[in-house]
S.K.: 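Before I ask anything, here is the structure I am working with.
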Amino acid sequence: QLHLVESGGGLVQPGGSLRLSCAASGFPLDYYAIGWFRQAPGKEREPVSFINNLDASKYYADSVKGRFTISRDNAKNTIFLQMNNLKPEDTAVYYCAGDPNPDPVRIAQMQGWSFGSWGPGTQVTVSS
């Protein structure tokens, strides 16, 4: 079974940067799509960025385009989320999850219902 653990969260000032890591064990990520999601207090969980390891395609929510970058390190079986120019509205718990049967259309539309194996999350707080 796929097991995911997030790390790299913390407190950062507006305009700052963080790099989140999603370390996988149990299965290689080659055939998975991995998604980063976030949930702010009082709000629903929302998709942030997906990477489909079948074809290396990458997708971003409009709110993070141009600021966040998703990448992978196959040797480390790890997915990263580089977050630049952070804003207070980026404050949330960030989670990664995997989709073992990624449909290209579903992934491109950033539909999150097929994702599972959720990690425990890592807190990101953007505040001065």
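We number each residue from 1, following the sequence as shown.
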S.K.: Given side chains that start at C-beta, do those of H3 and S117 come closer than 4.5 Å, heavy atoms only?
M.R.: no
S.K.: Using a side-chain heavy atom cutoff under 4.5 Å and only I, L, V, M, F, W and Y, what cluster partners does L86 have?
M.R.: L2, L4, V12, L18, L20, F27, L29, Y32, I34, W36, V48, I51, Y60, V64, F68, I70, I79, L81, M83, Y94, V124, V126
S.K.: Start with the C-alpha gap between N84 and S17, add the side-chain angles, then the distance that decides, and say whether side chain to side chain contact (heavy atoms under 4.5 Å, CB included) holds.
M.R.: CA-CA 4 Å; N84 298 328; S17 299; 2.9 Å; yes
S.K.: Hey, could you give me each pair passing disulfide bond (SG atoms under 2.5 Å apart) that has a residue in residues 46-91? Not counting sequence neighbours.
M.R.: none
S.K.: Could you give the distance from CZ (F50) to OH (Y59), rounded to the nearest 0.5 Å?
M.R.: 10.5 Å
S.K.: What is the minimum heavy-atom distance between S114 and P100, and which atoms define it?
M.R.: O-CD, 4.5 Å
S.K.: Verify the neighbour count for atom NZ of K76: are there more than 12 heavy atoms of other residues, nucleotides or ligands below 6.0 Å?
M.R.: no
S.K.: Would the distance check show the side chain of Q82 and the main-chain N or O of T69 forming a donor-acceptor pair, the cut-off being under 3.5 Å?
M.R.: no
S.K.: So which heavy atom on K43 is nearest to which on Q39, and how close?
M.R.: O-NE2, 3.1 Å
S.K.: Locate the shortest heavy-atom distance separating Y95 from E6; write the atom from each residue and the value.
M.R.: CA-OE2, 3.2 Å
S.K.: Say whether, by atom type as modelled, one donor and one acceptor occur between the side chain of Q13 and the main chain of S128 under 3.5 angstrom.
M.R.: no
S.K.: Go through the structure and list residues passing salt bridge (charged side-chain N to carboxylate O under 4.0 Å, His left out) with R106, not counting sequence neighbours.
M.R.: D99
S.K.: Salt bridge (charged side-chain N to carboxylate O under 4.0 Å, His left out) with D62: which residues, sequence neighbours excluded?
M.R.: K65
S.K.: Take atom CD in Q1; do more than 12 heavy atoms of anything else shown fall under 6.0 Å from it?
M.R.: no
S.K.: How long is the straight-line distance from CG of L11 back to CD of Q123, given to the nearest 0.5 Å?
M.R.: 9.5 Å
S.K.: Quick one: name the residues clustered hydrophobically with Y31, using the 4.5 Å side-chain heavy-atom rule over I, L, V, M, F, W, Y, and just say none if it's on its own.
M.R.: L54
S.K.: Testing the basics here: between W113 and Q111, what is the closest heavy-atom pair and its distance to 0.1 Å?
M.R.: NE1-OE1, 2.9 Å
S.K.: Can you pull out every salt bridge (Lys or Arg N to Asp or Glu O under 4.0 Å) where at least one residue sits in residues 22-41? Sequence neighbours excluded, please.
M.R.: R38-E46, R38-D90
